[in-house]
Amino acid sequence: MVKFKKLATVALTATVGAMFGATMQPQTAQAAPKAGGTLVWVSSQVPRHFNPAVQSGVATMAPGAQLFGFLVRADENWNIHPYLAESWTVSDDGLTVAFKLRKGAKFHDGQEITSADVAFSVATQQANHPFKTSLGAVERVETPDPMTAVFKLKQPHPALLLALSTALAPIIPKHVYGDGQDVKKHPRNVKDLVGSGPFLLKEYKKAQHVIMLKNPNFNSSDGPYLDRIIIKIIRDASARVIAMEKKEAQIFPYMVDSKDIRRLSKSKHIKITDKGYAAIGPVTWLAFNTKDGPTADVRVRQAIAYAIDRNFIINALHGGLSKPATGPIAPGSPFYNGDVETYDFDLDKAKALLDEAGLKPGSDGMRFKLEVDHIPAVPEQQKAIAEYLRPALKKVGIAVRVRNAPDFPTWAKRISGHQFQASMDIVFNWGDPVIGVHRTYLCNNIKKGVIWSNTQQYCNPKVDSILEMAGKETDMAKRVNLYGEFQRIVADDLPLYWINIMPQRTAYHMDLGNPPTSVWGVISPMDQTYWKKQPK
Amino acid sequence: MQFLNSIGQRVLFGLVLLLAVLVLNFTLIHMAPGDPADVIAGEMGGATEEMMASIRKAYGLDRPFHEQLFSYVGKVFQGDLGYSYYFDQPVTELIFERLSATLLLVLTSLFLAIFLGTFLGVFASQNPNGMLSHFVTLLALLGYSLPVFWTGIMLLILLAAPPVDLFPIAGMYDVTKDGGTFDYILDVLHHLILPVVTLSTIYLAFYSRLSRASMLDVLGADYIRTARAKGLSERVVVYKHALRNGVLPVVTFAGLQFSQLFSGAVLVETVFSWPGLGTLAFDSIGRRDTPMLLGILFFSALIVIVANILTDISYRLIDPRIKTGMKT
């Protein structure tokens with residue numbers, strides 16, 4: 001018999017307080033929330049479908065988080081709270097985590113949510129979701145009784161609860177998706193969707209909108225409050241901003257363009273928050289090909305870093321809205337270590353390093369040519385920086401040529417095929433380093449043809465062993481140390497130069513109560529969101 | 001009989017053209033770097049080798065090019081346009097979901113442009129050096145030189161944004177409004193105004209110039225002088241005698257330009273989030289959704305070819321000389 005003790009004493013997520021006694025409400029409202037009203041939310045993306053167990057990406061995960069419930073949920077301080085599970089216990093060795101499901105929790109078709117559904121959901125996610133590390137440590141889910149789901153782990157998984165706290169791990173009905181069809185292509189990912197979350201799927205018109213209605217049988221004394229959430233798909237960037245200005249829409253998450261953010265901040269009825277993105281951790285970086293060409297020499301990579309004026313990028317190109325990144329882990333994470341080499345702007349150092357690397361200036365003053373790629377999206381974070389590199393690196397004798405790509409797959413093919421010298425990129429942390437950070441630095445994740453694997457082809461066995469340890473270490477302090485060490489090493493090896501954290505903002509109507517500000521933002525449930533006063 | 005023969009020839013020619021469209025487009029899309037597996041991996045924010053391989057296998061992308069091409073063309077000729085890689089839904093179903101929106105936009109714009117344009121052109125031709133004529137020339141120059149997306153965004157900013165705020169910003173109707181069919185129709189018309197104005201600007205300019213020039217030409221003809229000499233009123237001369245000949249080039253171009261209207265619709269639909277085929281086609285390129293894109297291209301080629309055949313027929317109906325010519 002495995003001895004259990006309460007999770008709170010096993011510091012799985014160190015910043016977590018007494019989570020066992022925590023209530024259903026992660027965000028404490030000042031006044032009692034009022035029920036009713038419609039919230040119109042603008043988005044640019046057309047979702048493929050709404051089943052986040054088999055599809056990643058915000059387009060699916062944001063509505064998916066409203067339609068499906070998870071075992072647990074996170075608040076804005078990384079604390080984990082009960083959701084479809086009312087409590088859980090972890091064994092001493094960290095290899096067994098048992099969840100007690102909430103009684104009376106039902107799917108949208110009225111069937112009870114049981115441990116068999118939990119086991120099925122985990123298996124489906126493991127078989128189909130690209131983030132293999134998020135539930136990779138789970139060997140199986142046992143179902144001793146309908147209300148108890150016991151996770152058996154191959155090795156301790158420090159980020160298990162965090163991975164279960166968002167649309168990365170929705171609870172989906174076995175009696176619908178277990179019919180033998182391929183879940184990725186299941187027709188009920190779109191039509192007659194049976195979810196487990198606070199909202200029901202009413203209508204999806206592909207290029208137009210998603211309509212979600214309040215789930216009246218959600219069996220919670222606290223929410224959902226909104227009658228209706230409508231995701232309006234508006235393709236044009238300025239049209240999205242105008243829709244907010246004229247109150248045709250009342251919430252606009254994932255704003256990244258500094259001009260749009262500044263413009264909306266001038267509207268009196270609009271508030272803007274940077275909360276809701278801590279877990280995403282989107283890092284804008286310049287990736288180097290560490291195997292081929294001049295960037296194979298670490299001194300060249302360091303020289304390029306020294307020649308880039310990060311402050312100019314942040315203040316001039318991003319209007320002061322982005323934050324500096326100093327390493328692979330975003331500053332919002334508890335594992336962030338800022339005490340590393342940060343390559344502050346220094347042209348002399350850059351030139352000296354290039355000289356040292358034997359790259360002397362030619363008759364035209366140029367040492368070598370460097371081709372820089374960028375993702376053909378989010379221009380402020382990509383193309384603008386790539387263009388800036390041309391004059392910036394010219395000062396140290398590097399002739400930059402910006403290679404544009406007409407669309408995403410073209411760029412992805414070049415980078416994943418390792419056919420590049422340097423490229424701008426944006427990669428997400430996805431909550432815990434084990435989910436979103438390891439993949440970029442592990443020797444065994446150099447996978448040609450797979451985008452956002454270790455396309456830099458960087459390999460340092462020491463980094464591998466640290467990450468392996470940190471990936472199964474459940475002692476928070478030890479993990480912090482391991483990741484601290486990891487960040488120091490990669491900052492010296494510099495397989496990529498981390499420039500800034502992409503400024504993500506949510507603009508919302510000032511009368512909206514409890515906007516989505518948990519670490520997962522709109523990819524966590526909005527059952528607490530309500531209208532303090534209905535607009536119009 | 002010969003009329004039917006000639007139509008039959010045209011239909012046959014149309015079929016060959018469709019086959020060429022299929023093969024050419026298929027080849028072109030395959031030459032583009034990257035495939036749906038890359039796109040799906042990009043959307044997912046990451047992927048594994050196994051996942052990429054399984055996507056490629058599921059969509060038959062691991063087979064040699066000629067095999068994929070033959071299997072695709074074969075299926076199309078059995079009436080099967082395949083499944084969209086992105087939505088995992090039949091392409092035909094997805095096209096029909098969007099077709100009505102595009103047709104509404106394109107046809108309304110086309111009719112508006114033709115009627116208003118012709119009318120302006122005819123009007124201007126009666127007094128070639130008058131104010132109106134110069135105004136039409138200016139309008140034509142402006143309308144023709146403004147890029148569609150720019151006109152669209154300007155109209156949005158000027159007329160749909162506060163403080164003017166006369167029109168909705170995006171989409172085809174307001175989902176938050178409840179009401180009857182009549183309210184719905186009014187709402188759609190309200191949403192339709194800016195996209196139609198944007199799309200028809202170019203063509204309005206074009207048709208007004210075309211009909212002005214053509215009318216000027218016709219009005220100088222001998223038979224018009226005869227008509228005037230007979231003492232017919234100017235109105236009868238212009239609208240009854242001259243116009244019938246004057247609009248011939250307009251009809252020809254209306255048929256030819258139908259295809260360009262479709263491509264214009266891609267831009268207008270994008271600016272106004274109009275849920276039509278244009279945006280679907282545009283997105284499908286970025287998604288490397290080959291069956292979807294080929295389906296749309298096939299479909300629009302079909303519509304254009306049909307439109308051309310219809311133009312041919314109507315041309316014969318308007319101009320009796322063509323019919324008589326065939327009888328001899």
Please classify the contact between [X] and chain B as side chain, backbone, both or neither, with a heavy-atom cut-off of under 4.5 Å.
X        : value
A:His49  : neither
A:Asp407 : side chain
A:Gln45  : neither
A:Arg414 : neither
A:Lys232 : side chain
A:Lys202 : neither
A:Pro376 : neither
A:Val54  : backbone
A:Ile451 : both
A:Phe131 : side chain

* Asked: What distance separates B:Thr176 OG1 from A:Arg228 CZ, expressed to the nearest 0.5 Å?
  ->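 Taking OG1 in B:Thr176 and CZ in A:Arg228, the distance rounds to 6.5 Å.
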* To do: Nearest 0.5 Å please: distance from the CG atom of B:Asp165 over to the CD atom of A:Glu248.
  =>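 That separation rounds to 7.5 Å.
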What's the shortest heavy-atom distance between [X] and [Y], and which atoms?
X        : Y        : result
B:Phe87  : A:Val46  : CZ-CG1, 3.8 Å
B:Ala58  : A:Lys185 : CB-NZ, 4.2 Å
A:Ala239 : B:Leu156 : CB-CD1, 4.0 Å

* Top contributor to chain A contacts, counting heavy-atom pairs under 4.5 Å, from B:Val39, B:Val175, B:Val271 ->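 Of the options given, most contacts go to B:Val175.
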* When B:Met172, B:Gln89, B:Glu269, B:Glu50 are compared by non-hydrogen pairs under 4.5 Å with chain A, the top option ->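 Ranked by contacts with chain A, first place is B:Gln89.
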* Passes side chain to side chain contact (heavy atoms under 4.5 Å, CB included), B:Arg288 versus A:Thr410? Steps please. -> CA-CA 10 Å; B:Arg288 294 289 185 274; A:Thr410 308; 3.1 Å; yes
Check each atom of [X] against the heavy atoms of chain A and say whether the ones under 4.5 Å are side chain, backbone, both or neither.
X        : result
B:Ala160 : both
B:Pro168 : both
B:Phe282 : side chain

* Can we say A:Arg48 and B:Asp88 salt-bridge, meaning some charged N sits less than 4.0 Å from an Asp/Glu carboxylate O? ->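 So A:Arg48 pairs with B:Asp88 through a salt bridge.
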